[in-house]
Chemist: 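What follows is a structure written as structure tokens; I'll ask about it next.
We count residues from 1, following the sequence as given. Heavy atoms only: backbone and side chains are in, while hydrogens, waters and symmetry mates are out.
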Amino acid sequence: MNRKLIILASLLLGLTILRAVDISDLARVVTPPKAKRTDYYERVNNHYIRDPYHWLKDKSRTNEGVISYIEQENIYTSKIMEPTVDNQDKLYKEMISRMNEDDLSLPVQRDCYFYYMREEAGKDYSIYCRRKDSMESPEEIIIDINKLAKGHDYFSLDVIAVSPNHKLVAYAYDSTGEEIYDLVVLNIANGKILPDTLSSISSVEWSNDSKYIYYTKDNQIENYTDSLYRHRLGDKQEDDALLLKEDDAKYLVWLYKTKDKSYLIAGSSSKITDEIYYADANAINPSFKLLRQRISGIQYSLSHKDGLFYILTNDNAPNYRLMTVESDNPDYENWKELVREDSSIFLDYFELFDRFMVLNEIIDGKMMMKIHDFISNEKYYIDFDDPAYTYYTHGNPDFFTTSLRYSYESLTTPEIAYQYDLLTKSRKVLKKREIPSGYDQNNYESEKIYAKADDGTLIPISLVYNKQLFKKNGSNPLYLEGYGAYGTISEPYFSSSRLSLLDRGFVYAIAHIRGGGENGDSWYNAGRLLNKKNTFNDFIACCDYLVKTNYTSRKKLVIDGGSAGGLLIGAVLNQRPDISEIAIAEVPFVDIINTMLDTTLVATVAEYEEWGNPGEDKYFDYMSSYCPYTNVRTSNYPHMLVIAGFYDPRVNYWEPAKWVAKLRYMKTDKNVLLLRTNMSGHQGASGRYQYFEELAFQYAFIMNILGIDL
């Protein structure tokens with residue numbers, strides 16, 4: 001052992017001195033936990049799956065041996081990260097200084113009330129409020145989540161639904177991170193909770209007369225949202241009327257009300273197939289009718305105006321088209337085409353108003369907002385300037401409005417909320433996100449570049465950097481994130497916390513790899529099922545291109561992915577362990593074979609259309625060839641930080657725990673490997689200050705490894 005390491009070993013309790021130490025050196029002298037190995041194996045068809053760390057899987061989360069091991073890993077992580085404590089605090093304070101600790105959302109008018117939420121300095125959660133007639137009227141606090149969350153390490157409100165008569169509010173909460181939500185009803189005037197408590201809720205809609213609640217319910221035994229109920233206020237949940245029931249675990253039941261309040265729309269959907277039902281929202285005892293029998297691979301979304309259903313579908317249109325049909329006679333043979341499919345435009349979604357329709361189109365990977373005026377039949381786009389950006393409409397509950405509220409942001413532009421006059425085509429700024437510590441947008445530049453995959457496909461990369469610090473000579477550290485699953489678009493968004501990287505010379509990049517939805521369903525399908533390896537190869541191509549073109553170097557590259565993006569990171573590291581200097585994997589879905597064989601876990605069956613069913617040989621063989629946990633090999637790996645959530649129901653804690661244990665056993669390097677398991681769920685910390693604490697922890701890890709002085 002060299003002199004430096006001997007000194008480190010002798011100073012393990014000298015924390016003040018240790019704070020100046022590189023954690024990569026410290027990791028060489030502090031012994032990590034060693035998980036026991038067993039001879040456990042399973043037989044699947046003609047395959048044998050050996051899983052030496054199967055014992056870490058404890059669905060009850062009560063096994064003392066498992067909990068002890070998880071605690072040992074957390075203690076080890078804390079010891080290794082002790083030298084970064086001061087830097088974590090510095091980064092955290094930086095992030096907080098850019099946050100509007102006292103903030104007010106844009107008020108949304110519903111009838112005579114203005115609803116909004118606000119935050120107060122020092123408090124983790126939002127306060128939901130309203131004012132009557134104008135924003136100058138006295139404030140009513142509807143829900144103070146800080147009070148509800150008191151005494152809980154984790155607290156999430158998933159549903160907040162005010163009744164149409166504005167007297168009641170229904171809200172659903174989860175206090176563990178397990179995503180099991182219970183719903184209560186609050187009398188706004190006196191602040192009292194009604195006896196109506198509904199368990200295992202997913203979505204909620206009020207009846208138009210405010211006397212009933214329609215809700216979807218989770219089946220906690222088979223772990224999917226399988227039913228739709230109608231609850232009359234004052235009744236017990238066991239007396240609620242069952243309206244729809246789904247028996248196939250691939251399909252999840254959902255519910256919403258059309259913007260014109262005419263129809264309740266319910267559905268049962270898998271990853272690639274929809275079945276939709278509709279009911280008259282004004283009927284005393286509405287019954288749901290089937291729009292069209294499900295057909296595998298056919299998807300729909302539905303709205304209503306003036307006696308017509310508007311239906312967005314991929315039926316005979318891979319890029320989607322918009323159809324209409326009379327709501328009194330919606331048989332399929334009566335459907336008429338309003339917007340035809342365009343092979344160069346992916347029609348992503350639409351929002352319907354009395355006079356106008358908003359279409360979201362994706363053209364060459366860029367989101368475009370198109371306005372359709374029903375009276376003049378004029379169609380036009382709202383222009384955006386940045387090379388990589390995102391927008392979304394929000395706060396538009398009035399069906400008869402002639403103005404549209406939307407927000408816009410980019411990698412360099414903090415969120416701006418606009419009100420767009422659809423008659424005059426003029427817009428005004430309603431709110432700009434301010435950065436209290438200061439932010440000069442002119443100091444930053446974003447680009448959209450393209451890497452070529454092995455099969456010749458061009459893979460978009462959005463990136464941003466500080467112009468004053470960027471040098472295209474390979475000297476800049478670069479943080480590359482990837483996801484590439486479920487048809488989800490990795491949007492180029494603004495992040496004030498990201499400035500802690502950019503202002504230290506980092507380039508921040510997003511790889512828009514196949515499996516995501518950046519170029520529509522064809523892009524998604526090219527990265528799922530038996531095409532999944534395209535996702536990994538695309539990401540590798542992005543890494544190599546960024547190094548080749550001198551945006552960074554291999555020794556300064558950081559890669560990051562969460563959930564399905566964590567699977568991406570794990571698969572890429574097994575293919576190319578030399579790909580980067582650092583890898584971050586957050587709640588990583590790395591034990592795909594074992595998880596997809598266990599149909600008792602949340603959404604496993606529903607995931608078959610994304611990954612395949614490993615009970616079939618062709619999928620078993622293909623998934624086995626890239627499963628991160630299965631394919632850990634005897635090799636050097638980068639420095640790694642792995643984050644898990646103990647109560648995570650989507651990627652259970654044992655997946656990252658088993659993966660890290662196997663990596664410790666197999667890898668041949670002395671690089672840092674840390675596992676941090678938080679007492680939270682899939683989304684991580686629920687409080688806004690807690691979120692920045694976790695992010696500061698990750699950034700401090702990266703900067704210490706790269707030798708960046710804060």
Side-chain angles (χ1 to χ4, degrees), residues 365 388 390 411 446-455 457-464 477-493 495 498 501 506-519 523-528 531-549 551-552 554 556-590 592 610-611 626-628 637-643 651 656 659 682 684 695 698 702:
T390 187
L411 293 171
S446 67
E447 297 182 30
K448 194 165 188 178
I449 60 176
Y450 296 84
K452 184 178 287 189
D454 290 343
D455 62 2
T457 303
L458 294 179
I459 311 303
I461 306 171
S462 300
L463 56 85
V464 61
L478 189 145
Y479 192 114
L480 177 66
E481 70 171 63
Y483 189 70
Y486 304 108
T488 300
I489 298 173
S490 295
E491 297 175 338
Y493 62 96
S495 167
R498 188 186 295 144
L501 297 178
F506 276 81
V507 178
Y508 194 97
I510 303 170
H512 302 289
I513 49 186
R514 283 175 286 184
E518 283 82 349
N519 281 301
W523 198 254
Y524 168 44
N525 291 326
R528 80 179 176 96
N531 295 319
K532 189 61 201 172
K533 290 182 183 178
N534 284 335
T535 305
F536 317 137
N537 295 334
D538 289 356
F539 192 80
I540 290 171
C542 291
C543 292
D544 289 344
Y545 183 76
L546 289 165
V547 171
K548 180 181 177 181
T549 52
Y551 281 94
T552 191
R554 197 73 64 188
K556 293 192 174 184
L557 178 59
V558 182
I559 59 174
D560 171 74
S563 193
L567 182 151
L568 163 73
I569 297 301
V572 165
L573 291 182
N574 287 334
Q575 278 185 244
R576 285 278 303 278
D578 66 331
I579 197 74
S580 66
E581 181 69 6
I582 300 173
I584 310 291
E586 303 165 67
V587 290
F589 181 36
V590 285
I592 184 171
E610 180 73 21
W611 313 102
Y626 69 75
C627 175
Y637 281 85
H639 300 283
M640 296 174 63
L641 172 62
V642 182
I643 306 293
V651 178
W659 185 46
H682 194 67
L695 194 58
Q698 293 181 35
I702 292 166

Chemist: Show the numbers, then the answer: is there a side-chain contact (heavy atoms from CB on, under 4.5 Å) between Ile702 and Leu641?
Modeler: CA-CA 9 Å; Ile702 292 166; Leu641 172 62; over 6 Å; no
Chemist: Check whether any side-chain heavy atom of Trp523 sits under 4.5 Å from a side-chain heavy atom of Ile459, and report yes or no.
Modeler: yes
Chemist: Between CD1 of Ile569 and OG of Ser580, what distance do you get to the nearest 0.5 Å?
Modeler: 7.5 Å
Chemist: Do the side chain of Arg554 and the main chain of Ile579 share a donor and acceptor less than 3.5 angstrom apart?
Modeler: yes
Chemist: If you look at every heavy atom in Leu573 and Ala583, which pair is closest and at what distance?
Modeler: CD1-CB, 3.8 Å
Chemist: Of the non-hydrogen atoms in Pro628 and Trp659, which two are nearest, and what is the gap between them?
Modeler: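 Shortest heavy-atom separation between Pro628 and Trp659 comes out as O-NE1, 4.0 Å.
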Chemist: Checking Arg498 against Phe506: charged group under 6.0 Å from the ring centre and within 45 degrees of the axis?
Modeler: no
Chemist: So, for Tyr524 and Gly515, which heavy atoms are closest and what is the spacing to 0.1 Å?
Modeler: CD1-O, 3.2 Å
Chemist: Would a 4.5 Å heavy-atom cut-off, applied to side chains only, mark Ile582 and Ile559 as touching?
Modeler: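 When only atoms from C-beta onward are counted, Ile559 and Ile582 do not touch, as no gap falls below 4.5 Å.
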Chemist: Could you measure the distance from the NE2 atom of His639 to the CD1 atom of Ile584? Nearest 0.5 Å is fine.
Modeler: 11.0 Å
Chemist: Would you say Leu480 and Cys543 make side-chain contact, with heavy atoms under 4.5 Å?
Modeler: yes
Chemist: Checking Leu557 against Tyr551 for the side-chain contact (heavy atoms from CB on, under 4.5 Å) test, could you report, in this order, the C-alpha distance in whole Å, the side-chain angles of both residues, the deciding distance, and whether it holds?
Modeler: CA-CA 10 Å; Leu557 178 59; Tyr551 281 94; over 6 Å; no
Chemist: Could you tell me which residues satisfy side chain to side chain contact (heavy atoms under 4.5 Å, CB included) with Tyr450, sequence neighbours excluded, listed by chain and number?
Modeler: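 With sequence neighbours excluded, Tyr450 shows a side chain to side chain contact (heavy atoms under 4.5 Å, CB included) to Lys448, Leu458, Pro460, given in chain and number order.
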Chemist: So which atom in Ala451 and which in Cys542 form the shortest heavy-atom distance, rounded to 0.1 Å?
Modeler: CB-CA, 3.9 Å
Chemist: Under a 4.5 Å cut-off applied to non-hydrogen side-chain atoms, are Ser495 and Tyr493 in contact?
Modeler: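 Sidechains of Tyr493 and Ser495: in contact.
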Chemist: Mind telling me whether Trp611 and Tyr486 have parallel, tilted or perpendicular rings, with 30° and 60° as the class edges?
Modeler: perpendicular
Chemist: When you compare the side chain of Phe536 with that of Ile513, does any pair of heavy atoms fall below 4.5 Å?
Modeler: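 Ile513 does not reach Phe536 side chain to side chain.
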Chemist: With Ser563, which residues qualify under side-chain hydrogen bond (donor to acceptor under 3.5 Å, both in side chains), at least two apart?
Modeler: His682
Chemist: For Gly482 versus Leu568, what's the shortest heavy-atom pair and its separation?
Modeler: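 Looking at all heavy atoms of both residues, the shortest contact is C-CD2, 3.6 Å.
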Chemist: Nearest 0.5 angstrom please: Arg576 CZ to Asn537 CG, how far?
Modeler: 10.5 Å
Chemist: Is there side-chain contact between Gln698 and Glu586, with at least one heavy-atom pair below 4.5 Å?
Modeler: yes
Chemist: Search all heavy atoms of Pro492 against all heavy atoms of Ile510 and return the closest pair with its distance.
Modeler: CA-CD1, 4.0 Å
Chemist: Under 4.5 Å between any side-chain heavy atoms of Ser462 and Leu411, yes or no?
Modeler: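 Answer yes - side chains close enough.
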Chemist: Taking side chain as C-beta onward, heavy atoms only, is Asp544 less than 4.5 Å from Lys548?
Modeler: no
Chemist: Which is it for Thr457 and Asn534 under the side-chain contact (heavy atoms from CB on, under 4.5 Å) test, yes or no, and what are the steps along the way?
Modeler: CA-CA 10 Å; Thr457 303; Asn534 284 335; over 6 Å; no
Chemist: Hey, which of Asn531, Asp455, Asn519, Thr535 is the one that makes side chain to side chain donor-acceptor pair (under 3.5 Å) with Arg514?
Modeler: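 Exactly one pass, corresponding to Asp455.
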Chemist: Could you tell me the separation between the NE2 atom of His512 and the CD atom of Glu491, rounded to the nearest 0.5 Å?
Modeler: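 Reported value, rounded in 0.5 Å steps: 10.0 Å.
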Chemist: For Glu481, does its backbone N or O pair with a side-chain atom of Asp560 as donor and acceptor, under 3.5 Å?
Modeler: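 It does not hold such a pair.
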Chemist: Quick one: pull up OH in Tyr626 and CG in Leu567 and give me the separation to the nearest 0.5 Å.
Modeler: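 Here the rounded value is 6.0 Å.
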